[in-house]
Amino acid sequence: MPQLRHIVSADDFTTQDVEFILDKAMGYKSMMRGSNILAHNIITCAFEQPSTRTWSSFCAAALGLGASVLPIPDAGVASSFAKDESFEDTGRILSANCDLLIMRLKESGTAARVASTSTVPFINAGDGTNEHPTQALLDFFTIWEAIQEGQIPRRLRIHFFGDNARGRTVHSLALMLAKHASSFDIEIRSMSFGGSEKHWIPPAHVTNRLPMEWTPGGNRLLDADALTQCEVLYLTRDQTEHDDKRIIPVGSAGSSFVFSRSQTMMMPSDSIIMHPLPRNSELSTSVDTDPRAWYFKQADNGVPVRMALLRLLLRGT
Ligand code: NCD
C-alpha cells in the first residue's frame, strides 16, 4: 500500500507523480477497460454540485480498473450535509466505508477540511471557486500531448480568457504549469489573463505563485494582434452560479463575448483552443470542426488521466 496522501490542490502533485500519470495515462488511452488492478476496492464519489465530465470520468476510471463505485451524486441533499454535519465529520465517516474518497464541494476551502480527517486517499473534484486539481492534470496532459503530436511548439504563450477570478480550473492549471512545465521541457514564454467581464483577474494566491511574467490582458486578448501571439487559448464560461442569486438567477447572465470561427483565423496554425467545458455562449459551435479545437480531446483525456491517478493513490506503481 502506498503512503496515505490527499489531492486537495494542484500543488499536491510532485514531479514524480506527474511523470507517472503522463506515462500511465498514455497507455490507458488505448485500454480504458478490462484491468483488474483495483479489484475489491471501493471508491466513493460524493458530489455536492452538478457534474457531467468529472463525475462520469471518475466513475468510468474506477470501473475500468475493476473497482466498485459507491455513488452519492446529490450529496448536498442526500447526505447529512443537509443536516449541517461538519466537513470534518463527513470526511471521517465516508472514508471509513471506502478505500478512496472523491468529493466535489460547493464552498471554497472545504476540500481541505474533509481531507483533514479522511483515513483514505481523498481527491478534491472541485471546491467552490478554489481549485480543481484533477482537471489541471488532464489539461496539463492535453498540452503535453499536443506538443508530442507537433500541434504546438514547446515554447508556449498561453492566454486564459473568461472567468479567471472564479474559474477553479484556471487556478489549478496555472499553478500546475508554474510548478511543472520546465520539468517536462515545456517553456511558458508568457501567461496572460483576460476577459470582458469584471471577473478576469485570478486571485492573488494564484498570481503570487506564478514565477513567469503574467499579463493582465482585459478584453484585448481576443483582438487580432493578441491572438496571433498565442499557442494555447484556454477559454472559460462565466461562473454565474457564484453570482448573488437574489439579483441574478443562475444561467441568466450568458457571457458577453463569443469566440467564433472568425477569430480562429487569427490564431497560428500551430496552436490549440482549450475549454474545460461546459460551454455557454462564449465558445461558438462553429469552432468545433477546426483542427485546433482541442476541447473534446481534452475532455476525453479525463478517463485515462483519472485512471492513472487512482492507480497512483491506491497502488503506488
Ligand atoms: C469545470 C468545473 O466544474 O469547474 N468543469 C469541469 O469539471 N470540467 C468548469 C466549469 O464548470 O465551468
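Index from 1, following the sequence. Both ligands and their constituent atoms are indexed starting at 1 by order of listing. Hydrogens, waters and symmetry mates are skipped; everything else that's a heavy atom, side chains included, is used.
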Working to the nearest 0.5 angstrom, can you tell me the gap between Asp99 CG and Leu70 CG?
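Atom-to-atom, Asp99:CG and Leu70:CG are 10.5 Å apart.
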CG of Asn41 to CG of Leu65: how many Å apart, nearest 0.5 Å?
9.5 Å
Contact check, [X] vs ligand 1, heavy-atom distance below 4.0 Å:
X	answer
Pro278	yes
Thr236	no
Gln49	no

Quick test of your reading of the structure: of Leu277, Asp127, Thr134, Leu235, whose heavy atom lies closest to atom 5 (N) of ligand 1?
Leu277
Could you pull out, from Arg237, Arg279, His171, the option with a heavy atom nearest to atom 12 (O) of ligand 1?
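Residue with the shortest heavy-atom distance to the ligand atom: Arg237.
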State the atoms of ligand 1, each with its element, that fall below the 4.0 Å cut-off from a heavy-atom position in Thr54.
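Listed by number with element, the hits are 6 (C), 7 (O).
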Heavy-atom contacts with Arg104 under 4.0 Å: which atoms of ligand 1 show up? List them by number with element.
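Atoms satisfying the 4.0 Å criterion: 3 (O), 7 (O).
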Can you classify the ring geometry of Trp214 versus Phe193 as parallel (below 30°), tilted (30 to 60°) or perpendicular (above 60°)?
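Correct class here is perpendicular.
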Tell me whether the rings of Phe184 and His180 are parallel (<30°), tilted (30 to 60°) or perpendicular (>60°).
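Taking His180 first and then Phe184, their aromatic rings stand perpendicular (interplane angle over 60°).
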Are any non-hydrogen side-chain atoms of Val305 and Ile21 less than 4.5 angstrom apart?
yes
A side-chain contact here means heavy atoms from C-beta on lying under 4.5 Å apart; do Asp17 and Leu312 qualify?
yes
Using the rule given for side chain to side chain donor-acceptor pair (under 3.5 Å), can you reason through Arg104 versus His132, listing the C-alpha separation, both sets of side-chain angles and the distance that settles it, and then say yes or no?
CA-CA 9 Å; Arg104 169 167 284 191; His132 193 344; 3.1 Å; yes
Based purely on interatomic distance, does Gln239 place a nitrogen or oxygen under 3.5 Å from a nitrogen or oxygen of ligand 1?
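Yes, there is a polar N/O contact under 3.5 Å.
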Would you mind checking which non-hydrogen protein atom is closest to atom 3 (O) of ligand 1, with the distance to 0.1 Å?
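Here the closest protein heavy atom is Arg168 NH2, 2.9 Å.
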